[in-house]
Amino acid sequence: TSGTMNAVKMVVLGASGVGKSALTVRYLTRRFIGEYHPTLENTYRSKTTIDDEEFSMEILDTAGLENNIFRDGHTSWGEAFMFVYSITDRSSFEQVKQIWTDLKSQKSPQIVAALLVGNKNDLKHYRQVPTNDGDKLAEFMGCQFYEVSALDGQQIPLVAELFRNLVRELRNKKLET
Ligand code: GDP
Ligand code: MG
């Protein structure tokens, strides 16, 4: 129903330094900001239209959640989760698996919308995580998977697609239930 305002609570999760802030700010401003304070946590508001329906997004760009993703109630607050690792950092990939497992222990998979992102694909020479591993993990998680670069200006449309597809995913989940 067009004209209805749908609220979406999105959480961007992943290890420190993988580019969560860079991706979020790229989406919101189209700009790449090189350095953010690693412990800075921000909630942004943004609107997007999908299939003639307007969505009002709250995007929580998390920080310092390595040890406990349940801290501060982020996971109970959120409905749509973007899991980010860096293709140049194997341990960040392993951390996504852990975060996913932890999240599933708290939330029913029926109501959780997820999307997996391998960031920094401009740094191909430093790759530690093969694309195929990302594909397999996404299959396991039952979600979409993208490799992307927050840095590469050519990929701004792709970055926007990540956020919008996660909203779409959540909308579809809500329609199912
Ligand atoms: P966060 O801790 O996950 O929020 O990571 P940041 O967004 O703060 O990024 C960490 C570092 O990685 C910064 O120095 C960024 O400039 C850099 N960075 C983020 N995304 C990319 C990317 O796609 N490519 C490259 N080469 N560097 C990136
Ligand atoms: Mg950050």
Side-chain angles (χ1 to χ4, degrees), residues 8-46 48 57-103 112-135 137-138 141 143-167 169:
V8 174
K9 297 192 180 87
M10 188 184 292
V11 185
V12 185
L13 293 168
S16 180
V18 297
K20 298 180 297 297
S21 300
L23 284 167
T24 303
V25 172
R26 191 59 128 169
Y27 172 63
L28 293 167
T29 71
R30 305 291 182 262
R31 294 196 299 155
F32 180 76
I33 315 282
E35 293 305 323
Y36 304 88
H37 201 279
T39 61
L40 192 67
E41 185 168 286
N42 259 314
T43 306
Y44 302 92
R45 282 179 180 74
S46 176
T48 191
M57 310 159 70
E58 281 182 86
I59 306 173
L60 173 60
D61 172 23
T62 64
L65 294 170
E66 275 85 355
N67 299 317
N68 183 8
I69 64 158
F70 303 137
R71 199 199 61 185
D72 301 336
H74 290 149
T75 52
S76 53
W77 177 82
E79 318 164 276
F81 297 87
M82 187 174 292
F83 291 85
V84 185
Y85 65 91
S86 167
I87 68 155
T88 66
D89 179 0
R90 183 79 209 179
S91 72
S92 73
F93 182 73
E94 300 302 328
Q95 275 189 58
V96 162
K97 290 186 193 170
Q98 189 57 54
I99 298 168
W100 170 251
T101 306
D102 292 348
L103 182 73
V112 172
L115 192 140
L116 179 63
V117 180
N119 189 39
K120 306 199 186 184
N121 82 345
D122 56 290
L123 299 175
K124 293 196 193 317
H125 296 305
Y126 300 94
R127 182 188 282 277
Q128 291 183 358
V129 185
T131 304
N132 193 245
D133 288 11
D135 275 328
L137 179 57
M141 292 167 66
C143 72
Q144 292 179 50
F145 168 58
Y146 294 83
E147 282 190 355
V148 72
S149 167
L151 175 71
D152 177 7
Q154 305 270 18
Q155 299 191 39
I156 295 174
L158 183 57
V159 171
E161 206 179 307
L162 305 178
F163 286 85
R164 287 167 46 76
N165 276 1
L166 185 49
V167 172
E169 184 72 28

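We count ligands from 1, going down the list as the structure has it; atoms in each ligand are counted the same way. This chain uses plain numbering: 1 for the first residue, then up along the sequence.
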Protein heavy-atom partner closest to [atom] - residue, atom, separation in Å:
| atom | result |
| --- | --- |
| atom 23 (O) of ligand 1 | Ala150 N, 2.9 Å |
| atom 16 (O) of ligand 1 | Gly34 O, 2.5 Å |
| atom 8 (O) of ligand 1 | Tyr36 CD1, 3.6 Å |
| atom 18 (N) of ligand 1 | Lys120 CE, 3.8 Å |
| atom 24 (N) of ligand 1 | Asp122 OD1, 2.8 Å |
| atom 9 (O) of ligand 1 | Gly19 CA, 3.7 Å |

Which is it for Leu123 and ligand 1 at heavy atoms under 4.0 Å: side chain, backbone, both or neither?
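For Leu123, only side-chain atoms sit under 4.0 Å from ligand 1.
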Between Tyr126 and ligand 1, which residue portion shows a heavy-atom distance shorter than 4.0 Å: side chain, backbone, both, or neither?
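Near ligand 1, Tyr126 shows nothing, with every heavy atom at 4.0 Å or more.
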State the CG-CD distance between Asp133 and Gln128, to the nearest 0.5 angstrom.
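So the CG of Asp133 and the CD of Gln128 are separated by 11.5 Å.
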To the nearest 0.5 Å, what is the distance between OG1 (Thr43) and CE (Met57)?
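Atom-to-atom, Thr43:OG1 and Met57:CE are 12.5 Å apart.
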How close do Leu40 and Ala63 get, heavy atom to heavy atom, and via which atoms?
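Where Leu40 meets Ala63 most closely, the heavy atoms are O-CB, 3.4 Å.
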N/O donor-acceptor pair under 3.5 Å between Arg26 side chain and Leu151 backbone
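Pair found, side chain donor or acceptor close to backbone of Leu151.
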Is there a donor-acceptor pair under 3.5 Å between the side chain of Lys20 and the backbone N or O of Ala15?
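At least one qualifying donor-acceptor pair exists.
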Is [X] in polar range of ligand 1, meaning some N or O pair under 3.5 Å apart?
| X | answer |
| --- | --- |
| Asn121 | no |
| Val18 | yes |
| Ile33 | no |
| Asp61 | no |
| Val148 | no |

Under the salt bridge (charged side-chain N to carboxylate O under 4.0 Å, His left out) test against Glu147, which residue among Lys120, Arg127, Lys124 passes?
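Exactly one candidate clears the test, Arg127.
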Test side chain to side chain contact (heavy atoms under 4.5 Å, CB included) applied to Tyr146 and Gln155, step by step:
CA-CA 11 Å; Tyr146 294 83; Gln155 299 191 39; over 6 Å; no
Minimum non-hydrogen distance to atom 20 (N) of ligand 1, winning option of Asn119, Leu40, Thr88
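Heavy atom nearest to atom 20 (N) of ligand 1 belongs to Asn119.
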Would you indicate which of Ser149, Gly14, Gly17, Ala22 comes nearest to atom 7 (O) of ligand 1 when only heavy atoms are counted?
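Selected option, by shortest heavy-atom distance: Ala22.
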Only one of Trp100, Phe93, Phe145 passes ring-ring contact (aromatic ring centres under 6.0 Å, His included) with Phe83; say which it is.
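Only match with Phe83 under ring-ring contact (aromatic ring centres under 6.0 Å, His included): Trp100.
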Would you say Ser21 reaches the Mg ion (ligand 2) with an N/O/S atom under 2.8 Å?
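Given the 2.8 Å cut-off, Ser21 counts as a ligand of the Mg ion (ligand 2).
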Could you establish whether Ala15 and ligand 1 come within less than 4.0 Å of each other, counting only heavy atoms on the residue side?
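Under 4.0 Å: yes for Ala15.
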Using the side chain to side chain contact (heavy atoms under 4.5 Å, CB included) definition, which of the options Val18, Asp61, Asn119 pairs with Leu23?
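Of all the options given, the one that passes is Asn119.
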Between Glu169 and Asn165, do the side chains contain an N or O donor and an N or O acceptor separated by less than 3.5 Å?
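Side-chain D/A pair, Glu169 to Asn165: absent.
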